[in-house]
Structure formats: structure tokens, C-alpha cells
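One structure below.
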Amino acid sequence: GLVSRQKAGVGITTDPANPNWVIGWADSSGNGKNLSKGAWAGAPLYDSSNPLNGQPILGFGTGQGSTPSDQLYWSTNPLSGATAATGFIVVRAFQNGAGWGGNVWNFGSYGGPSAWSPPEVYEDFGNSTRPRLINDATLQFGQWYVYGVTIGSGTMNGYINGTLKGTVSGLTIGWKS
């Protein structure tokens, strides 16, 4: 079943000193899996001035300090112990000076986050190796995509806008605790 749902523009808590910085995001599923800013992390940017499909945008890597450390966390990983899972996010990768596109999330036991660097996506979702899941020349920096990933029975599938774009098998399922 649904573990957590962070919905654009709903349940956002901003920093009282700077209302553009997000310090919390409530779970709208009713399961209480709220996200909060870590003590050492930067705060993502809340942008309602340039909405996507009428919804505000949360910018990770564009907020407090404008670094990839702009993060929100669950107090414990709600996927710990799961043998299968699906995740999806609306994402737009921006290229930094080194040509790197950024991180999406960090759920797996690999020790580093998934990486979006078009045309490639390296994914740590529920696995211990972070393999290259997608290599698709049509992926471009600056474009919006619905990105989805499933993992179960040692196989991971990656989707862009609902179309299967990559499969990796032989994975050990493991979640960051």
C-alpha cells in the first residue's frame, strides 16, 4: 500500500526567517511519514512564482546555499524491510559546471544517492550497487519528466513518462536505514 505521499503545495512548512526555504513537508497519505530538514542540510527552495501544472515547485539544489545538500528527510526510512517498492517523482535535472545533473533520492543501501545526469540515470532505489538503469539520448537537461522506478525479486525497472526505459536484474534488495 501507499507508504507516503508528498503532494506539491500541500503541507509545506517554510522557515519563519525566510519563507522561500522549506523546512518540512507533511505526508498527505495519513501515515505520518513527514519530511523535515536535517540539522546539517540546506533547505530546498519553495517557488510558487513559476508553477508547473498550477502547482508550486520545490527546488533541491537551488535553495539555501544552492547546493546538492538541500534535502528533506524521514526520521526513519519507511521502506526499511520492504521486498518490493515503487517510487515516482516529477523531476527536472539542471546541469552544473561539472556537467552533473543532480540527485533524486537516497533510499538504497549503496551509500550514495541516485544520480540524474542525462542521458544516464544511476539508481540506488532499494539496492546495494546503484547501477546505470537508464541510458536514453532523448533525456535532456532542463526538461520536466515523470520518473518512476520499481524494484522487486532482484529486478529494477526505470520509467520515463510511463514508458519503460531500462531494466537491471540480479540486484540485492537493501534499504538505507
Side-chain angles (χ1 to χ4, degrees), residues 1-82 85-118 120-126 130 139-149 160-161 175-177:
L2 182 65
V3 174
S4 182
R5 180 179 186 211
Q6 272 60 40
K7 186 176 175 184
V10 176
I12 300 291
T13 303
T14 58
D15 187 319
N18 188 332
N20 293 325
W21 294 346
V22 177
I23 58 172
W25 197 358
D27 172 13
S28 62
S29 74
N31 292 330
K33 302 297 183 186
N34 302 322
L35 296 169
S36 60
K37 180 181 141 335
W40 57 270
L45 178 69
Y46 181 78
D47 182 3
S48 60
S49 65
N50 187 21
L52 176 67
N53 293 330
Q55 299 296 321
I57 297 167
L58 268 65
F60 293 83
T62 59
Q64 180 185 14
S66 298
T67 68
S69 67
D70 298 340
Q71 300 173 12
L72 296 173
Y73 298 90
W74 283 296
S75 59
T76 59
N77 186 346
L79 298 174
S80 287
T86 299
F88 71 93
I89 189 169
V90 177
V91 64
R92 177 173 59 173
F94 280 101
Q95 189 170 12
N96 70 12
W100 176 77
N103 300 329
V104 177
W105 47 40
N106 188 355
F107 286 112
S109 59
Y110 166 75
S114 63
W116 254 77
S117 191
E120 299 176 322
V121 177
Y122 291 84
E123 185 56 73
D124 89 319
F125 190 82
R130 192 173 78 165
L139 292 180
Q140 301 295 316
F141 285 107
Q143 298 296 312
W144 288 101
Y145 299 99
V146 177
Y147 170 63
V149 62
I160 302 292
N161 297 334
W175 301 97
K176 186 177 190 135
S177 51

Set of side chain to side chain donor-acceptor pair (under 3.5 Å) partners for [X], sequence neighbours left out:
X	answer
Tyr147	Glu123
Asp47	Ser49
Asp27	Ser29
Tyr122	Glu120

Closest contact, heavy atoms only, [X] versus [Y]:
X	Y	answer
Ala8	Pro56	CB-O, 3.9 Å
Pro16	Ile23	CD-CD1, 4.4 Å
Leu35	Gln6	CD1-CG, 3.5 Å
Asn50	Ile57	O-CD1, 2.9 Å
Arg130	Asp124	CG-N, 3.9 Å
Thr14	Pro19	CG2-O, 3.2 Å

Checklist line | Non-neighbouring partners of Phe125 that pass ring-ring contact (aromatic ring centres under 6.0 Å, His included), sequence neighbours left out | finding: Trp105, Phe107, Trp175
How many angstroms lie between atom [atom1] of [X] and atom [atom2] of [Y], to the nearest 0.5 angstrom?
X	Y	atom1	atom2	result
Phe141	Arg92	CZ	CZ	13.0 Å
Lys176	Trp74	NZ	CH2	12.0 Å
Leu58	Leu52	CG	CG	12.0 Å
Gln55	Ser48	CD	OG	11.0 Å
Tyr46	Asn18	OH	CG	13.5 Å
Trp25	Ile12	CH2	CD1	5.5 Å

Next item on the list: State whether the side chain of Asn34 and the backbone N or O of Gly24 hold a donor-acceptor pair below 3.5 Å, judged by distance alone.
Entry: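 Side chain of Asn34 to backbone of Gly24: no pair is present.
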Next item on the list: List in chain and number order the residues that pass side-chain contact (heavy atoms from CB on, under 4.5 Å) with Asn161, two or more places apart in sequence or in another chain; answer none if no residue qualifies.
Entry: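 Testing Asn161 for side-chain contact (heavy atoms from CB on, under 4.5 Å), a comparison that skips the adjacent residues, returns Tyr145, Val146.
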Check: Given Leu139 and Val121, is the side chain to side chain contact (heavy atoms under 4.5 Å, CB included) satisfied, shown in steps?
Finding: CA-CA 10 Å; Leu139 292 180; Val121 177; 4.2 Å; yes
